[in-house]
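Quick notes on the structure that follows.
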Amino acid sequence: CVAPCGTSGTERCDDDGRWSPICVPPQEQCGNGIDDDCDGMVDPGFVRLGPDIVLNEGGTEARWPQIVWTDDRLAVAWDDQWSLGFATVSSGGQRLSSRTFLRDLPGPVFWDRPTVALAWSGSRLGLATFRRFGGESLFRTLSAGGTPLSSAVLPGIEFLYPVGVSAARGFVALWGDERLHCCATLDSFTHEGESTASVALDGLGDALRRPMSMASNGREIAILRSASDPAWTGSPWLEFERWTAAGTSVGPTIRLGTGSDWSVWGVVVWDGTSWRVVWVGGGPADFTLRVTRIDGERGVVLDESVLQTPG
């Protein structure tokens with residue numbers, strides 16, 4: 001029989017020996033460019049399209065990779081042990097450029113905080129980095145090919161590691177304070193890399209708040225922070241916040257995780273109409289992977305679901 005999407009399906013006979021009026025589509029076959037199972041998606045999942053590409057050829061240890069899509073290529077930046085690695089790759093999987101610069105920038109590879117954050121806005125890349133030795137936090141703009149266009153050291157601020165960079169009326173960078181294990185700073189920059197605003201986000205007081213993830217919808221910034229009481233007792237939780245690019249808080253803070261539940265890790269993304277927070281919660285012995293959907297206009301929780309249970 002022919003399934004609704006045109007593929008060859010199967011029919012079953014009923015108890016009276018007659019064909020069922022329903023044609024059951026076949027299972028999806030990845031990589032053939034066809035919606036086999038009639039679910040509206042062509043080849044869902046991941047299909048390897050080409051060979052792996054080694055970007056750090058010097059035998060160094062690389063980590064904290066960041067990857068973004070520019071107008072016509074992928075840009076990749078990473079901590080290259082004692083410097084900053086950068087490469088561009090075509091959509092067909094060919095390396096277009098590769099370079100190492102900002103020598104002695106991130107510090108040793110065993111550094112356990114992010115040292116690189118990357119975003120694309122307009123015709124430039126925004127790159128936030130942390131100089132481990134000396135404690136300098138820097139923001140750079142690069143061309144799509146990786147040519148440095150501007151560089152600025154955050155004045156009067158030290159030991160801030162980059163949590164993320166987003167495109168919102170230029171660039172917005174979120175930094176975490178390595179010394180206090182809490183607190184955060186939100187910095188806005190033009191496309192040319194000029195600083196336009198810097199706001200310190202409170203991370204002390206009734207709780208220790210540490211930045212974990214950020215995302216942008218082009219108008220606002222969503223920030224996810226982990227929180228715990230100052231004495232490090234009780235269960236940690238996550239807090240979802242919205243901010244403008246100029247550093248003004250928007251709407252109430254949403255707490256994820258209640259009662260004795262632990263909320264220990266999460267990431268926030270924008271799906272085009274709403275914010276989604278993917279996070280780990282539960283008790284120490286039964287953590288589950290969950291997703292909370294938050295309205296993009298009103299900032300209220302729409303629904304929550306469990307993606308994966310223990311085992």
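Residue numbers start at 1 and run along the sequence shown.
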Residues in side-chain hydrogen bond (donor to acceptor under 3.5 Å, both in side chains) contact with S195, at least two apart in sequence or another chain =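 Testing S195 for side-chain hydrogen bond (donor to acceptor under 3.5 Å, both in side chains), a comparison that skips the adjacent residues, returns none.
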In chain order, what residues pass the side-chain hydrogen bond (donor to acceptor under 3.5 Å, both in side chains) check against E239, with sequence neighbours excluded?
->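 Applying side-chain hydrogen bond (donor to acceptor under 3.5 Å, both in side chains) to E239 gives R209, W237.
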State which residues pass salt bridge (Lys or Arg N to Asp or Glu O under 4.0 Å) with R73; sequence neighbours excluded, sorted by chain then number.
->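 So R73 forms no salt bridge (Lys or Arg N to Asp or Glu O under 4.0 Å) with any residue.
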Who are the salt bridge (Lys or Arg N to Asp or Glu O under 4.0 Å) partners of D72, not counting sequence neighbours?
->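 With sequence neighbours excluded, D72 shows a salt bridge (Lys or Arg N to Asp or Glu O under 4.0 Å) to no residue whatsoever.
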Quick one: does T292's side chain have a donor or acceptor within less than 3.5 Å of a partner on V277's backbone?
->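 Side chain of T292 to backbone of V277, a donor-acceptor pair under 3.5 Å: no, none is there.
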T70 side chain vs L74 backbone, donor-acceptor pair below 3.5 Å =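 Not at all, since once roles are kept as given, no pair shorter than 3.5 Å links the two residues.
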Of all residues at least two apart in sequence or in a different chain, which pass the side chain to side chain contact (heavy atoms under 4.5 Å, CB included) check with [X]?
X	value
V163	Y161, L174, P211
V76	L55, I67, W78
A167	S121
V300	D295, R298

Salt bridge (charged side-chain N to carboxylate O under 4.0 Å, His left out) contacts touching residues 117-129 (sequence neighbours left out) =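 For residues 117-129: none.
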Where at least one partner belongs to residues 263-276, residue pairs that pass salt bridge (charged side-chain N to carboxylate O under 4.0 Å, His left out), sequence neighbours excluded |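 Only D271-R276 qualify under salt bridge (charged side-chain N to carboxylate O under 4.0 Å, His left out).
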Got a sec: does the CD of Q94 have more than 12 other heavy atoms crowding it under 6.0 Å?
->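 Count not over threshold, so no.
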Partner residues of F189 under the ring pair (Phe, Tyr, Trp, His ring centres under 6.0 Å) criterion, sequence neighbours left out =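 Only F139 meet the ring pair (Phe, Tyr, Trp, His ring centres under 6.0 Å) criterion with F189.
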Quick one: ring pair (Phe, Tyr, Trp, His ring centres under 6.0 Å) partners of W270, sequence neighbours excluded?
->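 Per chain and number, W270 pairs via ring pair (Phe, Tyr, Trp, His ring centres under 6.0 Å) with W275.
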Should R293 and E304 count as an ion pair when the cut-off is N to O under 4.0 Å?
->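 Looking at R293 and E304, the cut-off is not met.
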